[in-house]
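Read the structure below first, then the notes.
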Amino acid sequence: MVRPSEVTAPLTLIVVRGLLSVVAFALIATITIGGLIGSSRIRDRFLEPWVDVPPPQARISALDEGMVRLDVVSLRTPFVGREGVWAMDNTGNFGLVGEILDRSYEQVVRRVELLDGSSLRVGSVVSVHPWAFGPDPTVGLNLVHDELSLESALGPLGGWLIEGDPHRWAIVLRDGSDERRAALRLVDILARLNLTVVVLDYRNQGASPPDPSGLYRFGAAEWRDVEVGVEYAASQGAEHIVLFGQGMGGSAAVSFLVRSEMADQVDGVALEGPHLNARASIEADIARRDHLALRLPISGFMTRAAMAFTGWRTRLDWDDVNYVAFGDSIRVPMLIMHGGADREAPLEVSREMAIEARDFVRLEVFESAGHGEAWNVDRDRYQSLIQSFVANTAQ
């Protein structure tokens, strides 16, 4: 006769195994579904091309010579009351706002400089943002420029050409979601140094064609467009070529350095808030936006699953866009300017690059600057660094 205990033991074991299987299946399903959903969010948030159009944020309630009073009209007003120099624009009218003279909860009074042709008036609703100057080099900078069309494997690449010394060229690569005018803060300095300047639209930007994937590639494909720009400069007689990359434009510039056979044509690279490790940039943003969810023990696995699914679905190898890993191949001077308050490109990654390529990289931190705001928070220091960099690389 079989004792009850001898029957109970196998049944208990079967039940436990069954429960463990259910738990394991649920865990795998949760991570898989969460990974797929997270992958779609990553694609939409970081890889789909888009243009960051600054929304209306304030209304001009008083305007006098050298002074403007702004009334806040939007909850999204990161720059209306921030220290620094920012663009203020409204339907073709442009100005620069600077020193804060007075402020309250809903109002701020600032120094203002209206740019050429501006007719901003009391009652105008304006956007305040980092890009500064007007829609092209003529407004505020009075720079003559030509539209570029450079042939690439995908089709013609657009851009601006501002002529200077025919032997000293600068190629400017802006962040993925920025309009061309975002580069004008830098163009102003480079033009006054008499460099010939190209503001290049790489794929997925401006007048240039999309990538075959329809996505940003954090430099994995964009470097080929940089190569087209460098080849064009060399064909026009450039003896010194320097690259300037902001955000994802920095990814494209460094990717060019480590992948192109024409890398030896470049004398130096200056970067601002570069995405030197795409995985680190995306994971840092996820952690910031979804910090409550990330407190759950499973969330780390789901983030890694989402990154893995994203790489598989978009055919993007995250190791290929971790440029710190290629730091030992950097052989030209590199200036990295990075905001201490950058919430898009982790400062720590730039610190890692400065260590990895210590003989060539100079890192300058602008403590109060967010992503792409170094010029805005300390215009004099930014200009001095660029002037010094050009003097050491393109003379």
Side-chain angles (χ1 to χ4, degrees), residues 17 19-50 175-177 204 211-223 247-252 254-255 258-259 271 273-329 336 338-339 341-357 370-371:
R17 286 176 175 172
L19 288 173
L20 289 175
S21 297
V22 170
V23 170
F25 177 80
L27 183 62
I28 292 171
T30 299
I31 292 175
T32 301
I33 294 171
L36 286 170
I37 293 172
S39 172
S40 295
R41 292 179 66 191
I42 288 170
R43 179 188 173 107
D44 293 345
R45 188 184 295 173
F46 302 101
L47 302 178
E48 287 282 354
W50 62 290
D175 208 350
S177 62
N204 295 320
D211 185 80
S213 69
L215 304 173
Y216 292 131
R217 310 292 294 178
F218 281 94
E222 292 86 351
W223 70 268
M248 200 176 296
S251 307
V254 179
S255 184
V258 302
R259 293 189 167 103
L271 310 172
H275 292 287
L276 296 176
N277 182 342
R279 178 192 291 274
S281 291
I282 292 171
E283 289 183 348
D285 189 86
I286 291 173
R288 175 175 63 86
R289 293 174 184 259
D290 305 332
H291 63 285
L292 292 177
L294 288 175
R295 291 175 183 171
L296 299 174
I298 196 175
S299 59
F301 293 105
M302 293 180 69
T303 298
R304 287 192 286 275
M307 294 297 293
F309 276 117
T310 303
W312 171 65
R313 294 171 72 183
T314 64
R315 298 184 179 180
L316 185 60
D317 187 332
W318 299 115
D319 291 337
D320 284 349
V321 288
N322 176 11
Y323 300 106
V324 176
F326 301 96
D328 59 358
S329 67
I336 302 178
H338 211 121
D342 193 328
R343 301 169 72 181
E344 297 183 31
L347 172 59
E348 186 55 39
V349 176
S350 286
R351 293 192 195 278
E352 291 172 5
M353 179 63 92
I355 293 172
E356 189 68 24
H371 188 65

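Since we're looking at a predicted model, the values are computed, not measured.
- Counting only heavy atoms from C-beta outward, the side chains of Ile336 and Leu276 approach each other to under 4.5 Å.
- Side-chain N or O atoms of Asn204 include one that pairs as donor or acceptor with a backbone N or O of Leu215 at under 3.5 Å.
- With Asp342 contributing its side chain and Gly370 its backbone, the two residues share no donor-acceptor pair below 3.5 Å.
- Classified by interplanar angle (parallel below 30°, tilted 30° to 60°, perpendicular above 60°), the ring pair His371/His275 is tilted.
- The shortest non-hydrogen separation linking Phe46 to Tyr216 is O-CD1, 3.9 Å.
- Summarising the geometry of Met353 relative to Gly327, their closest heavy-atom pair is SD-CA, 3.9 Å, with the distance given to 0.1 Å.
- For Ser213 against Asp211, the heavy-atom pair with the smallest separation is OG-OD2, 2.6 Å.
- Applying salt bridge (Lys or Arg N to Asp or Glu O under 4.0 Å) to Asp285 and the options Arg279, Arg45, Arg343 leaves one that passes, Arg45.
- Scored by the side-chain contact (heavy atoms from CB on, under 4.5 Å) test, Arg259 finds Trp223, Ser255, Asp320, Tyr323, Phe326 as partners (sequence neighbours excluded).
- A 4.5 Å side-chain heavy-atom check between Ile282 and Trp318 finds at least one atom pair inside the cut-off.
- The shortest side-chain heavy-atom distance between Val321 and Arg217 does not fall under the 4.5 Å cut-off.
- Counting heavy atoms from C-beta on, the side chains of Glu283 and Pro346 never come closer than 4.5 Å.
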